[in-house]
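Counting convention: from 1, in listed order, for ligands and their atoms alike.
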Amino acid sequence: MRKKVDFLVIGSGIAGLSFALKVADHGKVLVVSKTKIGETNTSYAQGGIASVMYEPDDFEKHIEDTMIAGDHLSKKDVVRMVVENGPDQIKQLIDWGTNFDKANDQRYDLHREGGHSEHRILHHQDNTGFEIQRALIEQVKNHPNIEINDKYFAVDIITQHHLGEITYRWRDDIECYGAYLLNQETEKVDTVLAKVTLMATGGIGNIYQTTTNPTIATGDGIAMAYRAKGIIENMEFVQFHPTSLYNPKERPSFLITEAMRGYGGLLRRRDGELFMKKYDERGSLAPRDIVARAIDNEMKNTGEDYLFLDVTHKDAEETKAHFPTIYNKCLELGIDITKDWIPIVPAAHYLCGGIKVDKKGRSSIKNLYAAGECSSTGLHGANRLASNSLLEAIVYADFSAKHAIKKIAKTEFKTKIPNWNDEGTSHAEELVLITQTNKEVEQIMSNYVGIVRSNLRLKRALDRLELIYRETESLFDSSTVTRKLCELRNEINVGYLTIRMAMARKESKGLHYTSDHNKLRTKR
Ligand code: FAD
Ligand code: SIN
């Protein structure tokens with residue numbers, strides 16, 4: 001099947017849906033997601049969305065906190081732009097029907113998280129992302145120009161490569177004409193032509209064994225842009241959340257929000273020691289990379305599989321009111337968080353890098369924009385400040401939409417695009433070839449490219465991944481496309497990029513910590 005739309009949006013999280021809503025009055029929009037539209041990282045966000053709301057907070061403080069958390073690798077002009085656009089985009093979310101909690105005085109109840117010098121996290125209890133996703137879904141479903149398809153899995157974007165022009169070398173005139181989308185019902189690959197394509201495919205958490213990310217986070221958009229010779233950057237900066245619930249049988253790992261530490265939660269070892277002050281005077285509220293590394297170090301030194309977060313000293317009713325999702329989840333597992341310490345372990349959580357975009361959300365590929373976690377805007381630098389990602393996604397979706405609206409007026413559909421070529425392929429009979437390789441990728445990334453890295457571990461990871469890459473490309477060339485096979489291929493691509501960029505960075509910086517270039521540097 002072939003189809004033409006003005007705007008093709010790949011991904012239905014906060015970035016994709018807010019972009020769709022902003023462009024929909026200007027043309028026909030197709031939003032695709034590879035599974036139910038609500039199954040996104042966005043829906044899992046707990047803590048909230050950061051924005052300057054009231055005095056004594058101000059833009060300069062939010063900018064400074066973002067720069068410090070990012071180990072001063074963030075682009076200051078980008079940080080300023082995102083922070084200063086925050087309040088308008090929060091208002092937009094509220095206008096679209098998002099409910100943020102209010103205090104008794106009717107002002108928004110603001111939380112504080114690690115690395116923030118002020119209370120500035122708007123939230124809806126401890127399930128903010130779910131509330132944002134709910135409001136956005138309601139809006140897009142009611143817009144006559146927006147079509148939603150949750151059966152479409154994007155396989156690759158269409159470029160000159162598919163017109164027979166082989167683009168082996170990097171060039172700056174690559175154009176995106178739409179995408180090849182696998183219809184998971186018919187098992188056929190459809191050709192969707194678009195004047196503008198937005199990549200909003202989210203993160204890469206599933207390349208690790210332990211992750212807070214739902215299974216959709218397999219780095220598809222980044223891998224597609226990389227295969228199309230787009231510029232990808234900062235992939236070495238993978239953020240591990242310090243506190244996911246220790247429950248080895250569960251995937252994704254359930255998050256214990258950082259807001260709990262903002263609320264007064266304390267990190268403890270089994271013997272009760274409050275170890276964080278040894279690493280940083282901000283204690284349990286130090287930036288996330290520092291806390292995750294400290295926990296990793298304590299676990300290695302004590303041989304424990306997990307440490308603890310303690311909120312038992314707080315008022316029980318207040319704890320239940322602020323964190324009902326976490327309270328109920330833990331209770332199901334026999335942990336009453338008002339009386340028991342919560343067992344926690346770090347988990348892969350967020351990717352700071354991705355598809356490089358400029359201040360208008362444009363990637364290096366013409367007519368291809370990127371927003372949200374799959375993009376690299378320059379906001380996060382070497383480490384993201386908590387709750388800055390929902391903010392970045394909505395602000396950059398807005399920048400991209402404004403530019404894309406102007407763009408479609410001057411853009412024609414590309415003609416003569418061939419259909420997907422699956423000549424000579426057949427169904428891969430042995431699923432084990434995919435599932436086993438998947439496990440290997442997760443093991444390689446977790447054991448060699450985790451919180452603490454070294455040259456030796458990275459080299460091992462690269463050697464092993466290269467072998468897996470060759471095997472999987474050969475399987476891909478001979479097989480009819482399936483979602484599982486494509487996801488594996490994408491995970492290998494983004495794992496490879498993470499390793500190569502980690503090897504290229506010759507210093508410890510933010511989330512990239514290597515034992516070869518630094519003694520345990522925790523403070524900045
Ligand atoms: P997502 O919301 O992940 O959406 C990705 C979409 O892309 C999905 O619809 C998926 O189906 C689709 N997709 C992917 N690949 C394909 C493909 N090949 N074909 C078709 N569709 C595809 N950030 C904060 O700022 N504050 C928080 O409190 C917070 N808490 C978090 C808690 C958890 C547990 C997690 C996992 C993350 C949290 N984050 C938080 C991070 C934040 O939620 C994400 O960075 C953000 O929601 C990403 O939004 P997105 O629109 O870029 O992608
Ligand atoms: C959390 O609630 O701790 C997650 C916040 C974030 O990832 O920004």
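- Using cut-offs of 30° and 60° on the angle between ring planes, the pair His380 and Tyr350 is perpendicular.
- In this structure, Arg489 forms a cation-pi arrangement with Phe476, its terminal cationic atom sitting closer than 6.0 Å to the ring centre and no more than 45° off the ring axis.
- The backbone N or O of Thr186 lies less than 3.5 Å from a partner atom in the side chain of Asn183, making a donor-acceptor pair.
- Residue contacts with ligand 2, taken as heavy atom pairs separated by less than 4.0 Å, involve Leu255 solely via side-chain atoms from C-beta onward.
- Protein residues having at least one heavy atom under 4.0 Å from any atom of ligand 1 are Ile10, Gly11, Ser12, Gly13, Ile14, Ala15, Val32, Ser33, Lys34, Thr40, Asn41, Thr42, Tyr44, Ala45, Gln46, Gly47, Gly48, Tyr152, Phe153, Ala154, Ala200, Thr201, Gly202, Thr212, Asn213, Ile216, Asp220, Met224, Leu255, His349, Tyr350, Gly372, Glu373, Arg384, Ser387, Asn388, Ser389, Leu390, listed by chain and number.
- The nearest heavy-atom contact from the protein to atom 3 (O) of ligand 2 is Glu258 N, 2.6 Å.
- Shown are Gln139, Lys22, Gln133; of these, the side-chain contact (heavy atoms from CB on, under 4.5 Å) with Leu17 is made only by Gln133.
- Taking every non-hydrogen atom of Ala386 and a distance limit under 4.0 Å, the qualifying atoms of ligand 2 come out as 8 (O).
- Partners of His119 according to the side-chain hydrogen bond (donor to acceptor under 3.5 Å, both in side chains) rule, which considers only residues two or more places apart in sequence or in another chain, do not exist here.
- The closest approach between a heavy atom of Gln239 and any atom of ligand 2 is not below 4.0 Å.
- In terms of N/O distances under 3.5 Å, ligand 2 is approached by His349.
- Annotation: atom 1 (C) of ligand 2 to nearest protein heavy atom, Thr257 OG1, 3.3 Å.
- A donor-acceptor contact under 3.5 angstrom links the side chains of Glu39 and Tyr44, judged on distance only.
- Between the side chains of Thr218 and Lys34, at least one donor-acceptor pair of N or O atoms lies under 3.5 Å.
- Side-chain contact check for His162 and Tyr177: no donor-acceptor pair (N or O, by modelled atom type) lies under 3.5 Å.
- Near Gly47, meaning under 4.0 Å from one of its heavy atoms, ligand 2 places the atoms 2 (O).
- Here is the list of ligand 2 atoms found below 4.0 Å of a heavy atom in Arg384: 6 (C), 7 (O), 8 (O).
- Contacts between Arg288 and ligand 2 below 4.0 angstrom, taking non-hydrogen atoms only, involve the side chain exclusively.
- Under a 4.0 angstrom heavy-atom cut-off, His241 registers as being in contact with ligand 2.
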